[in-house]
Amino acid sequence: MIKEYKTIKEIASPLMIVEGVDGVGYDELAEIELPTGEKRRCKVLEVEGNKAVVQLFESAQGINLAESKVRFLGHPLELAVSEDMLGRVFNGMGQPIDGGPDILAEAHLDINGLPMNPAARAYPAEFIQTGVSAIDGLNTLVRGQKLPIFSGSGLPHAQLAAQIARQAKVLGDNESFAVVFAAIGITFEESEFFIQDFRRTGAIDRTVVFSNLANDPAVERIATPRMALTCAEYLAFEKGMQVLVILTDITNYAEALREVSAAKKEVPGRRGYPGYLYTDLATMYERAGRRQGKNGSITMIPILTMPEDDKTHPIPDLTGYITEGQIILSRELYRKGLTPPIDVLPSLSRLKDKGIGEGKTREDHSGTMNQLFAAYSRGKDAKELMTILGEAALSDDDKMFAKFADEFEQRYVNQGNTTDRTIQETLDLGWELLSLLPRAELKRIKPEMIDKYMPNN
């Protein structure tokens, strides 16, 4: 039975204290009814004795303490899920905003989900093709992996996110693939860019979009990624689909968490973020993966802008501890006009070795990947030396590797936002670049692979 209370004691937006409550649970959804009949949603943050601290999802404007009624609904915030969500656009609270009908729900799921039992996890092992050479060839994404993109303010992470959402596919027969895209605290223009891009290219048909704008309440921002992950879990583990979840921007999520934590007067941790930021991020990231006995999987690409391009900032720092690597966008490459400006040397996919090789990508993938890394690294060192000492100080070998580094950036990394390369095209391009080097320098590739794949051999 739903109880009503007219005992609102205090409001300090976005928090409200209700007294005299009975049988109210943590995270329970509630509804406040104004004297005008307007209803606003909120949820229980804390219960102490007969007092409940409630968090408003909308503004506190117009709430009359004496006349407004609070109703506790007996369940947490839920998302109505159905396969019909594909091709639809929702706000951060899971309500349709594309002018289409409401979803005919097959189930209502708690957005907080349940942690995946580590013993029930299946190890990520299958390749996901994003169509982006710097990821597929060198920092390979594997089904069930969490691979964040670390960006900076003003860098084109939005275009890269849209490109991956548009191009990503699982190689294999009869695999149904879906993208769940959550935009967290972004501007209206950015939101329109994503939605229009998906519609223009037809990618919207296999995509579910959750859009939380910068002017939406901070509390909604905290719910948005959990809405997206709940939808992904339903599609993956109930409908057997391979789901790619893209969350942008995690920095906005963490800022909202800090704002709400400050309103609750909690003791701040590093840089004012709550001490439980690590735990909170882990409860989201760890919902990705594969389950034993289930065909579906959730692969996650969280995107975050590093404040002041600082990798040691708490948000990228803690994200790096939880996830399996990172793709880093470089301001230096962006200034050179490279698109996407992925800096392959500090980028890392810890599971790449599990998703490449014969039967997954191609037998020569591992060797060419290692050789490209080594040659590009040596070329970058030669270019730095050239900057300090001048070109005359370089040996012929150094000049050759410096030329290789330039060619690598221009042809391999700089592929634009519309080029979709298959893994075979990416590997063949790698061989073309390696043909610029003498065979004696290709020490990380087996001779039989060079004989088989090297062009003009």
Side-chain angles (χ1 to χ4, degrees), residues 127 129-140 160 163 327-349 352-353 356-358 361-457:
F127 169 69
Q129 180 176 292
T130 65
V132 180
S133 290
I135 297 176
D136 292 349
L138 301 174
N139 293 290
T140 313
L160 180 59
Q163 184 177 8
I327 304 292
I328 296 178
L329 300 192
S330 157
R331 203 169 289 282
E332 181 193 345
L333 295 181
Y334 180 58
R335 288 196 190 105
K336 284 186 186 176
L338 270 61
T339 305
I342 295 173
D343 195 350
V344 297
L345 293 180
S347 296
L348 169 71
S349 168
K352 64 188 172 193
D353 295 335
I356 63 174
E358 197 169 358
T361 52
R362 209 167 72 185
E363 57 182 343
D364 58 317
H365 193 155
S366 179
T368 54
M369 174 180 71
N370 293 335
Q371 190 64 64
L372 285 168
F373 267 126
Y376 180 52
S377 176
R378 189 167 164 191
K380 290 262 285 186
D381 289 345
K383 287 175 71 178
E384 281 178 25
L385 201 61
M386 194 192 301
T387 308
I388 300 163
L389 302 176
E391 193 172 342
L394 297 189
S395 67
D396 289 343
D397 279 0
D398 286 339
K399 287 175 187 170
M400 178 180 64
F401 277 102
K403 181 175 181 290
F404 172 87
D406 288 332
E407 287 285 316
F408 176 82
E409 287 177 358
Q410 288 301 328
R411 293 176 58 192
Y412 197 94
V413 178
N414 184 32
Q415 69 175 76
N417 285 132
T418 53
T419 307
D420 183 1
R421 290 182 186 153
T422 65
I423 185 61
Q424 280 70 30
E425 288 170 337
T426 291
L427 292 170
D428 291 344
L429 177 56
W431 278 110
E432 276 180 47
L433 289 164
L434 291 173
S435 68
L436 299 171
L437 303 173
R439 180 166 175 149
E441 293 291 346
L442 305 182
K443 298 168 185 167
R444 295 166 186 268
I445 308 177
K446 292 177 181 172
E448 58 266 31
M449 293 295 169
I450 300 175
D451 294 338
K452 185 174 179 181
Y453 291 103
M454 179 68 82
N456 309 320
N457 203 10

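Everything numeric in this text was worked out from a predicted model, so none of it was measured.
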Side chain proximity check, V344 to Y412, heavy atoms < 4.5 angstrom: no
Write down the atom of [X], the atom of [Y], and the distance for their closest heavy-atom approach.
X	Y	answer
T339	N414	N-OD1, 2.9 Å
L333	P341	CB-CB, 3.9 Å
K403	L436	NZ-CD2, 4.3 Å
M400	P438	SD-CD, 3.2 Å
R444	A374	NE-CB, 3.3 Å
P340	G416	CD-O, 4.0 Å

Residue pairs, two or more places apart or on separate chains, that pass ring pair (Phe, Tyr, Trp, His ring centres under 6.0 Å) and touch residues 367-407: Y376-F408
Euclidean distance, [Y] [atom2] relative to [X] [atom1], rounded to 0.5 Å:
X	Y	atom1	atom2	result
L389	L394	CG	CG	8.0 Å
Q129	Q424	CD	CD	7.0 Å
L385	K383	CG	NZ	13.0 Å
Y453	E448	OH	CD	11.0 Å
I445	L434	CD1	CG	5.0 Å

Just by modelled atom types, is the [Y] backbone N or O under 3.5 Å from a matching donor or acceptor in the [X] side chain?
X	Y	value
Q415	G131	yes
S347	I328	yes
E407	L433	no

Side chain to side chain contact (heavy atoms under 4.5 Å, CB included) partner of H365, the single match among T426, N370, I356: I356
Other residues, nucleotides, ligands: >12 heavy atoms within 6.0 Å of E358 CD: no
Other residues, nucleotides, ligands: >12 heavy atoms within 6.0 Å of K446 NZ: no
Candidate pair E441 and R378, rule side-chain contact (heavy atoms from CB on, under 4.5 Å), full reasoning: CA-CA 11 Å; E441 293 291 346; R378 189 167 164 191; 3.4 Å; yes
Stepwise side-chain contact (heavy atoms from CB on, under 4.5 Å) test for L429 and R421: CA-CA 10 Å; L429 177 56; R421 290 182 186 153; 3.4 Å; yes
